[in-house]
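Scroll down for the structure; my scribbles are underneath it.
Because the structure is a prediction, the values reported are computed rather than measured. Heavy-atom basis, side chains included; hydrogens, waters and symmetry copies ignored.
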Amino acid sequence: MHVASGYVQFLETYIQGIPVSKFTRRFSKEFEKRRRVKARIQLKAAQRQEAWNNKLQQLALEAFGWGLKKTQLSLGSRFLAKQALFQTARKLAHKFAQEQRSKAAL
């Protein structure tokens with residue numbers, strides 16, 4: 001016998017199933033639907049964030065390559081061009097970190 005039929009025999013004992021109200025089932029369905037929608041939105045947001053980060057990384061690498069090539073042509077040395085670009089990158093990173101700290105303090 002099935003639990004929904006009312007009584008179930010288990011180890012020579014009859015157990016009565018308690019009928020679940022329709023309100024509880026409806027609430028559970030709505031709750032489950034909201035949970036799935038929320039999970040879907042979070043997944044899409046994470047995918048969008050990852051795509052954005054990958055695009056920024058790609059653009060940064062392209063800009064670095066372009067800057068390296070241009071600096072190398074002007075300085076005449078690849079080694080000096082790398083040093084100049086890394087020094088500029090450190091300065092920009094330091095400036096960015098200071099701006100972020102000042103924003104966080106507000």
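- Across T71 and A84, no two heavy atoms sit closer than the pair CG2-CB, 4.3 Å.
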**Message:** As a quick check of understanding, evaluate side chain to side chain contact (heavy atoms under 4.5 Å, CB included) for R90 and Q87, giving each step before the final call.
**Reply:** CA-CA 5 Å; R90 269 196 300 273; Q87 187 177 13; 4.2 Å; yes

**Request:** Show your reasoning for whether side chain to side chain contact (heavy atoms under 4.5 Å, CB included) applies to Q58 and N54.
**Result:** CA-CA 6 Å; Q58 180 186 358; N54 289 340; over 6 Å; no

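- One finds a salt bridge joining E32 and R35 here, because a Lys/Arg side-chain nitrogen approaches an Asp/Glu carboxylate oxygen to under 4.0 Å.
- The pair K103-E99 does not count as a salt bridge, with every side-chain nitrogen at least 4.0 angstrom from each carboxylate oxygen.
- No more than 12 heavy atoms of other residues, nucleotides or ligands lie within 6.0 Å of CD in Q57, so this atom counts as exposed by the packing criterion.
- The CG atom of L73 sits 11.0 Å away from the CZ atom of R78 when rounded to the nearest 0.5 Å.
- When hydrophobic residues (I, L, V, M, F, W, Y) are linked wherever their side-chain heavy atoms come within less than 4.5 Å, the members clustered with L68 are F64, L85, F86.
- Atom CD of E62 sits in a crowded spot, with more than 12 heavy atoms from other residues, nucleotides or ligands closer than 6.0 Å.
- For the atom pair CG of L75 and NZ of K82, the computed distance is 14.0 Å after rounding to the nearest 0.5 Å.
- Exactly one of K38, Q42, K44 qualifies for a side chain to side chain contact (heavy atoms under 4.5 Å, CB included) with R40. That residue is K44.
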**Request:** Could you walk me through whether E50 and Q47 pass the side chain to side chain contact (heavy atoms under 4.5 Å, CB included) test, one step at a time?
**Result:** CA-CA 5 Å; E50 185 180 350; Q47 289 171 345; 5.5 Å; no

